[in-house]
Number of protein chains: 2
Amino acid sequence: MAVPVAPGTVAFCARHGYGAVVTVERFPSPDAATVARVVGDGLREGAVVSIEANCEIEYDGRSGGYLAPGDRLVVCKPDGTLLVHRPSGHKPVNWMPGGATIKVEPGEDDDAPLLYARRSNPNEFLRVYLGDVYSVSRFDATDAVEYQEHGTEAEMHEYIEANPEDALEDGIRILEHERETQYGYLDFFAQDAEGTPVVVEVKRRQATLNNFDQLKRYMELYRESNPDVRGMLVAPSTSDRVKRALRDEGLEFVRLAEFDVETREASETTLTDFS
Amino acid sequence: MAVPVAPGTVAFCARHGYGAVVTVERFPSPDAATVARVVGDGLREGAVVSIEANCEIEYDGRSGGYLAPGDRLVVCKPDGTLLVHRPSGHKPVNWMPGGATIKVEPGEDDDAPLLYARRSNPNEFLRVYLGDVYSVSRFDATDAVEYQEHGTEAEMHEYIEANPEDALEDGIRILEHERETQYGYLDFFAQDAEGTPVVVEVKRRQATLNNFDQLKRYMELYRESNPDVRGMLVAPSTSDRVKRALRDEGLEFVRLAEFDVETREASETTLTDFS
DNA sequence: GTGTTTATTTCGGGG
DNA sequence: CCCCGAAGTAAACAC
């Protein structure tokens with residue numbers, strides 16, 4: 001499966017259906033010129049480039065920061081994303097969201113090569129001084145499929161719209177979904193069995209004080225003209241504080257147990273369920 | 001600089017002060033047993049393990065999802081973080097936050113090895129079926145320094161506390177910082193030149209409708225006892241809709257131009273500024 | 001632990 | 001483009 005590649009590199013082949021293709025090329029202890037070439041060519045040609053290096057970082061833009069030298073994993077994507085990961089933590093310590101322009105300036109003489117990312121709106125930049133590059137890897141990744149997600153707020157909306165009486169209360173009718181008002185977007189505008197209008201705000205997770213605020217904001221508009229309008233905060237659960245705040249405002253909490261992630265045990269489905 | 005390693009692997013040395021140390025070990029086209037060993041040993045011994053592979057992913061927990069096979073970069077950290085990155089986008093398509101237990105089950109016969117991460121509270125899991133592993137890399141990263149950040153909301157608070165008259169208005173006095181109330185935490189509680197109390201909510205970025213809600217919530221408490229209490233939303237900018245909402249409620253917007261990231265051009269400081 | 005808020009939030013949808 | 005709101009938000013911090 002060996003494929004000819006530039007001397008000094010290590011190439012691995014993929015078992016692609018259409019024959020052997022070099023998918024990953026790895027450059028051990030590359031010099032500055034090699035780093036610049038691999039990053040430049042790789043990103044231009046649509047590959048993901050990962051760098052394991054000891055580096056020093058400067059960021060300035062929406063905030064500013066400095067990170068003294070240490071070992072990090074740097075990931076560059078062809079869409080202009082740059083991520084710097086430390087050995088722990090979910091979030092990168094520094095990053096640039098997609099859309100940035102990434103380039104490498106090979107350092108002069110003994111200088112560290114500089115990985116530089118810049119973008120505008122907002123104006124910001126990231127400088128990664130690659131003091132000691134252990135390894136660079138070019139990954140020509142092909143990944144076209146779409147991620148399929150379920151259990152989102154959109155699904156909860158669909159459920160409520162399809163089963164308002166089960167989800168909310170007997171006799172309720174949905175009049176509008178995602179209604180735009182002067183104060184923002186209502187999730188639902190409904191009418192109860194007595195014909196009283198109901199403003200409905202839906203949350204997929206435990207409802208917070210901010211969610212209560214949001215419902216209250218929407219209510220203002222309707223209470224002026226009709227003091228009897230009802231307001232419902234619909235969620236799998238909420239805190240006592242939020243319940244009290246709702247009660248004080250004459251608003252209601254509607255528990256949607258069907259969507260409670262804690263009671264609904266992780267289902268351990270197998271891949272066959274998806275096929 | 002060569003260091004003896006297991007046959008079939010590629011090892012790169014770091015120029016560490018205390019002598020040659022294998023920092024990165026790379027395993028091209030590893031079999032399932034090698035993947036299991038490298039991930040297991042690596043994570044246990046505190047290394048970051050990166051995998052370039054064609055894989056298929058299942059997630060279930062707070063939401064649920066499925067991603068059909070494609071080429072992705074998988075990063076495993078010793079703190080139990082797992083990230084799956086596609087060739088574009090800032091956020092991983094799937095992940096597990098720190099604290100998860102990560103293990104690899106070598107697939108039987110021709111089965112793909114399974115990278116499995118699980119955690120509780122909330123209960124969730126991630127399954128990564130490594131159908132075609134192009135390369136695995138073990139990175140014994142040493143990174144102890146702390147990230148230094150500036151331009152945070154905390155700094156904005158310090159500025160306001162130190163220069164309330166410049167930041168807010170002439171004659172104003174800060175009485176309390178981070179005051180706890182029944183309805184949450186006020187950023188500042190102040191008093192204007194006439195002795196009227198002022199509730200101050202500070203945002204580092206453009207203020208949103210939600211921020212307006214928050215200020216309004218804090219105001220309720222004080223308006224009961226003193227209808228003349230003033231409310232200020234302090235931010236570098238905000239939308240017209242928020243300004244109108246504030247006006248309708250008798251609240252004020254205070255623009256803090258000093259912290260506007262758009263007007264304050266990225267400063268292009270050099271590393272010497274930090275030393 | 002739970003509750004609340006921030007974030008270099010990122011992301012997507014609609015006007 | 002901006003505005004607005006969701007997110008498997010994660011992380012920090014108070015209680």
Side-chain angles (χ1 to χ4, degrees), chain A residues 59-65 81-84 88-100 117 119 121-126 147 149-154 156-157 178 180-181 183-187 201-214 217 237-242 261 266, chain B residues 59-65 81 83 89-100 119 121-126 147 149-154 156-157 178 180-181 183-187 201-214 217 237-242 261 266:
Chain A
Y59 161 69
D60 200 13
R62 288 169 289 180
S63 114
T81 298
L82 197 155
L83 309 168
V84 181
S88 71
H90 165 91
K91 285 174 56 178
V93 62
N94 279 114
W95 70 91
M96 207 60 106
R119 70 172 192 139
N121 201 359
N123 249 335
E124 50 185 355
F125 68 83
L126 191 58
Y147 180 56
E149 191 173 22
H150 58 263
T152 60
E153 183 158 308
M156 202 158 164
H157 282 203
E178 306 273 314
E180 183 176 7
T181 74
Y183 287 157
Y185 290 81
L186 311 192
D187 283 339
E201 175 66 23
V202 179
K203 290 298 151 189
R204 201 182 58 79
R205 307 189 313 146
Q206 175 163 310
T208 67
L209 273 172
N210 251 322
N211 304 147
F212 156 75
D213 291 336
Q214 210 174 329
R217 164 160 40 100
S237 68
T238 194
S239 67
D240 289 339
R241 176 130 66 152
V242 171
V261 78
Chain B
Y59 161 70
D60 200 13
R62 287 171 288 180
S63 106
T81 299
L83 309 168
H90 165 90
K91 287 172 54 177
V93 62
N94 278 115
W95 71 92
M96 207 59 106
R119 70 171 192 141
N121 201 358
N123 248 334
E124 52 185 354
F125 68 81
L126 191 57
Y147 180 55
E149 190 174 22
H150 59 262
T152 60
E153 184 157 308
M156 201 158 163
H157 282 202
E178 307 270 309
E180 183 178 8
T181 74
Y183 285 161
Y185 288 81
L186 311 191
D187 284 339
E201 176 66 22
V202 179
K203 290 297 149 192
R204 203 183 58 76
R205 309 192 312 145
Q206 176 163 306
T208 68
L209 274 172
N210 259 323
N211 303 146
F212 156 75
D213 289 338
Q214 209 173 339
R217 168 161 35 102
S237 67
T238 194
S239 68
D240 289 339
R241 178 133 51 165
V242 171
V261 76

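First the proteins, then the strands, lettered A, B, ... as listed; each starts at 1.
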When you get a sec, tell me which of dC4(D), dA6(D), dT6(C) is the closest nucleotide to the side chain of K203(B)?
dT6(C)

Could you tell me how far apart H157(B) (NE2) and dC13(D) (P) are, to the nearest whole angstrom?
13 Å

Q214(A) CD to dA7(D) C1', straight-line distance once rounded to whole Å:
14 Å

Is there a side-chain contact (heavy atoms from CB on, under 4.5 Å) between L126(A) and L82(A)? Walk through the geometry before answering.
CA-CA 9 Å; L126(A) 191 58; L82(A) 197 155; 3.8 Å; yes

Protein-nucleotide distance (N123(B), atom CG; dG8(D), atom P), rounded to Å
18 Å

Using the P atom as the reference point in each nucleotide, state the distance between dT8(C) and dG5(D) in Å, no decimals.
22 Å

Rounded to the nearest 0.5 Å, the CD atom of Q214(B) sits from the CG atom of L186(B) at a distance of 10.0 Å

Ranking dC4(D), dC3(D), dG5(D) by distance to the side chain of Q206(B), first place goes to dC3(D)

Straight-line distance of Y59(A) OH to H150(B) NE2, nearest 0.5 Å:
9.0 Å

If I take atom CD in residue E201(A) and atom P in nucleotide dC4(D), what distance separates them, rounded to the nearest angstrom?
15 Å

Winner on side-chain proximity to L209(B), out of dT4(C), dT6(C), dG5(D), is dG5(D)

Take T238(B) and K203(B) through the test side-chain contact (heavy atoms from CB on, under 4.5 Å) and record every step on the way to the result.
CA-CA 10 Å; T238(B) 194; K203(B) 290 297 149 192; over 6 Å; no

Any side-chain N or O of N210(A) under 4.0 Å from OP1/OP2 of dG5(D)?
no

Classify the nucleic acid contact of E178(B) as base, sugar-phosphate or nothing, counting any heavy atom under 4.0 Å across all strands shown.
nothing

Listed by chain and number, what are the side chain to side chain donor-acceptor pair (under 3.5 Å) partners of R205(B), not counting sequence neighbours?
none

For R119(A), the salt bridge (charged side-chain N to carboxylate O under 4.0 Å, His left out) test, sequence neighbours excluded, returns E124(A)

Footprint string (nucleotides 7-15 of chain C, 5' to 3'): B base within contact, S backbone only, - free, heavy atoms under 4.0 Å
SBBSS----

To the nearest angstrom, how far is D213(A) atom CG from dG5(D) atom P?
12 Å

So, R204(B) side chain and M156(B) main chain: donor-acceptor pair closer than 3.5 Å or not?
no

Taking dA10(D) as the reference, what is the distance to dA6(D) when you measure between their C1' atoms (whole Å, please)?
15 Å

Report yes if at least one side-chain N or O of T208(B) is closer than 4.0 Å to OP1 or OP2 of dC3(D); otherwise report no.
no

